[in-house]
Participant: 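I'd like to ask some things about the structure below.
In what follows, chains carry the letters A, B, and so on, assigned in the order in which the sequence lines appear, proteins first and then strands, with residues in each chain numbered from 1. Here the structure is a predicted model, which means the values were calculated and not measured.
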Protein chains: 2
Amino acid sequence: MTAADRSRSEERAVEAIQREMTVFARRARASAGRMHPELSLVSYTLLGHLEERGGCRATDLAAHYALDKSTVSRQVAGLERAGLVERRPDPDDARVQVLDLTEAGRHILAQVTVSRRAAFRERLADWPEEDLVRFAAYLERYNAWPERPPGDGR
Amino acid sequence: MTAADRSRSEERAVEAIQREMTVFARRARASAGRMHPELSLVSYTLLGHLEERGGCRATDLAAHYALDKSTVSRQVAGLERAGLVERRPDPDDARVQVLDLTEAGRHILAQVTVSRRAAFRERLADWPEEDLVRFAAYLERYNAWPERPPGDGR
DNA sequence: GTCTTCAAGTTGTACTATACAACCAGAAAC
DNA sequence: GTTTCTGGTTGTATAGTACAACTTGAAGAC
């Protein structure tokens with residue numbers, strides 16, 4: 001294979017990755033909404049992050065998801081209203097509110113995770129294990145890229 | 001490797017795919033907005049589809065992206081107002097409007113494609129060709145799954 | 001042929017997610 | 001002790017979306 005062949009093939013692959021990731025993104029919210037109307041994609045990811053980290057600050061959520069802090073503030077307010085998260089003032093710093101899941105939050109998160117997992121598994125049912133593992137690794141690698149927060153106009 | 005090992009490994013991979021796809025989806029719109037403010041992710045994908053197909057009906061767009069037809073109607077109206085698409089009545093069926101890119105639409109789509117491609121390429125710069133090709137194939141395979149339109153509560 | 005039903009698209013309405021700007025309250029730096 | 005920084009909330013505006021009701025034309029049923 002010549003260098004030109006290689007670069008053409010890479011070029012095609014990059015195009016395809018871009019196109020397919022975009023299609024996926026376009027569809028994700030809609031299908032999440034239909035899969036579990038009780039918990040939007042945003043809420044789901046925020047709760048998931050809280051569970052994974054065992055609680056964190058609103059600012060951490062904003063940074064991780066490249067969201068404005070006002071957005072997080074409102075989302076969290078909604079989740080608190082729904083009784084899914086609770087906040088405690090940080091004893092070390094009175095400005096900080098440590099967020100954590102409530103029991104109800106843990107419960108609903110687990111339910112949604114189950115239903116999402118079932119949907120994903122159905123979709124991936126006939127993939128060989130080797131491909132699943134590799135696909136997961138590619139996605140992780142792809143996402144391990146620093147996102148710039150909103151307003152950071154670089 | 002035992003069957004139990006295999007299923008655990010698959011389980012982990014499915015979880016990771018779900019999680020990473022979700023993170024990606026959460027970030028995509030925001031980064032698209034920062035990458036090319038003149039063309040939202042939605043508009044970009046719609047224009048891209050028109051280019052790829054060489055024009056199509058609004059209903060086709062709705063089906064392909066799992067959007068409500070009203071959403072597509074408004075999006076297309078905006079694109080038409082912006083002079084990026086034009087519609088002609090279908091000679092075979094007066095209800096149908098065939099959509100297609102204008103020259104301006106083609107032009108801006110090409111520009112945005114260039115800038116998106118550059119961003120993706122930067123991000124994927126140190127991936128070996130083999131991995132790019134495989135990753136692209138996985139994504140295509142993943143997305144080749146029938147989406148259900150909104151309102152189809154199955 | 002007329003009538004009913006179906007399909008494509010538009011419009012009214014409402015809601016969610018989002019950003020940006022202005023602000024407030026504590027903490028830290030000097 | 002000011003000034004500056006950081007975490008968070010609130011006001012306001014916008015985009016994207018869905019659902020329902022409607023219009024118009026096509027296609028079948030009889």
Participant: Give one of base, sugar-phosphate or nothing for Thr71(A), where a contact means two heavy atoms less than 4.0 Å apart.
Facilitator: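 Base contact - Thr71(A) has a heavy atom under 4.0 Å of at least one base atom.
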Participant: Atom OH of Tyr65(A) to atom P of dA17(C): distance rounded to whole Å?
Facilitator: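 Going from OH in Tyr65(A) over to P in dA17(C) covers 14 Å.
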Participant: Between dA25(C) atom C1' and Gln97(A) atom CD, what is the distance in whole Å?
Facilitator: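 Atom-to-atom, Gln97(A) to dA25(C), this comes out as 11 Å.
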Participant: Give the rounded distance in Å between these two atoms: CG of Leu41(A) and P of dA17(C).
Facilitator: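 After rounding, the gap between these two atoms is 9 Å.
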Participant: Does Arg134(A) make a cation-pi contact with Tyr138(B), if we ask for NZ or CZ under 6.0 Å from the ring centre and within 45° of the axis?
Facilitator: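 Cation-pi check for Arg134(A) and Tyr138(B): fails.
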Participant: Can you check the Arg88(A) CZ to dG8(D) C1' distance for me, whole Å?
Facilitator: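 Atom CZ in Arg88(A) sits about 17 Å away from atom C1' in dG8(D).
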Participant: Got Val112(B) and Glu38(B) here, is their nearest side-chain heavy-atom distance under 4.5 Å?
Facilitator: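 Yes - at least one pair of side-chain heavy atoms lies under 4.5 Å apart.
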Participant: Taking Tyr142(B) as the starting point, is it possible to reach Trp127(B) by hopping between hydrophobic residues whose side chains are less than 4.5 Å apart?
Facilitator: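 In one cluster with Trp127(B): Tyr142(B), yes.
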Participant: Answer yes or no: is there a donor N or O on one side and an acceptor on the other, between the side chain of Asp93(B) and the main chain of Asp90(B), under 3.5 Å?
Facilitator: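 Not a single qualifying donor-acceptor pair exists.
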Participant: Could you check which of dA8(C), dG7(D), dC19(D) has an atom nearest any side-chain atom of Asp68(B)?
Facilitator: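 Taking heavy atoms from C-beta onward, the closest nucleotide is dC19(D).
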Participant: Leu41(B), Tyr65(A): one ILVMFWY side-chain cluster at the under-4.5 Å cut-off?
Facilitator: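 No, Leu41(B) does not connect to Tyr65(A) through the hydrophobic network.
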Participant: So, do Asp100(A) and Arg106(A) sit near enough that their side-chain heavy atoms are less than 4.5 Å apart?
Facilitator: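 A side-chain contact under 4.5 Å exists here.
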Participant: If you find the nucleotide of DNA chain C closest to Lys69(A) and the one closest to Val42(A), which residue's nucleotide is nearer the 5' end?
Facilitator: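 Comparing both residues, the 5'-ward one is Val42(A).
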Participant: With clusters defined by side-chain heavy atoms of hydrophobic residues (ILVMFWY) lying less than 4.5 Å apart, directly or transitively, does Ile108(B) cluster with Leu50(B)?
Facilitator: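 Yes, Leu50(B) and Ile108(B) fall within the same hydrophobic cluster.
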Participant: Whole angstrom is fine here: how far is it from CZ in Arg81(B) over to P in dT10(C)?
Facilitator: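 Interatomic distance, CZ of Arg81(B) to P of dT10(C): 12 Å.
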Participant: Can you find a side chain N or O atom of Ser70(A) that sits less than 4.0 Å from OP1 or OP2 on dT10(D)?
Facilitator: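 Indeed not, no polar side-chain atom of Ser70(A) lies that close.
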Participant: Salt bridge between Arg141(A) and Asp131(B), side-chain N to carboxylate O under 4.0 Å?
Facilitator: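 Counted as a salt bridge, because a side-chain N and a carboxylate O are separated by less than 4.0 Å.
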Participant: Nearest whole Å is fine: how far is dC19(D) P from Leu67(B) CG?
Facilitator: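 Rounding to the nearest Å, CG of Leu67(B) and P of dC19(D) are 11 Å apart.
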Participant: Set out, line by line, the N/O atom pairs under 3.5 Å between protein and nucleotides 27-29 of chain D.
Facilitator:
none

Participant: Which residues, if any, of residues 72-80 of chain B bring a heavy atom under 4.0 Å of DNA chain C?
Facilitator: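 Heavy-atom cutoff 4.0 Å gives Ser73(B), Arg74(B).
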Participant: Atom OH of Tyr44(B) and atom P of dG16(D): how far apart are they, to the nearest Å?
Facilitator: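 The answer, rounded to whole Å, is 16 Å.
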Participant: Report yes if at least one side-chain N or O of Arg87(A) is closer than 4.0 Å to OP1 or OP2 of dG7(D); otherwise report no.
Facilitator: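 The answer is no; no side-chain N or O of Arg87(A) sits under 4.0 Å from OP1 or OP2.
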Participant: Do Leu79(A) and Leu99(A) touch side chain to side chain, with heavy atoms closer than 4.5 Å?
Facilitator: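 Of all side-chain heavy-atom pairs linking Leu99(A) with Leu79(A), none is under 4.5 Å.
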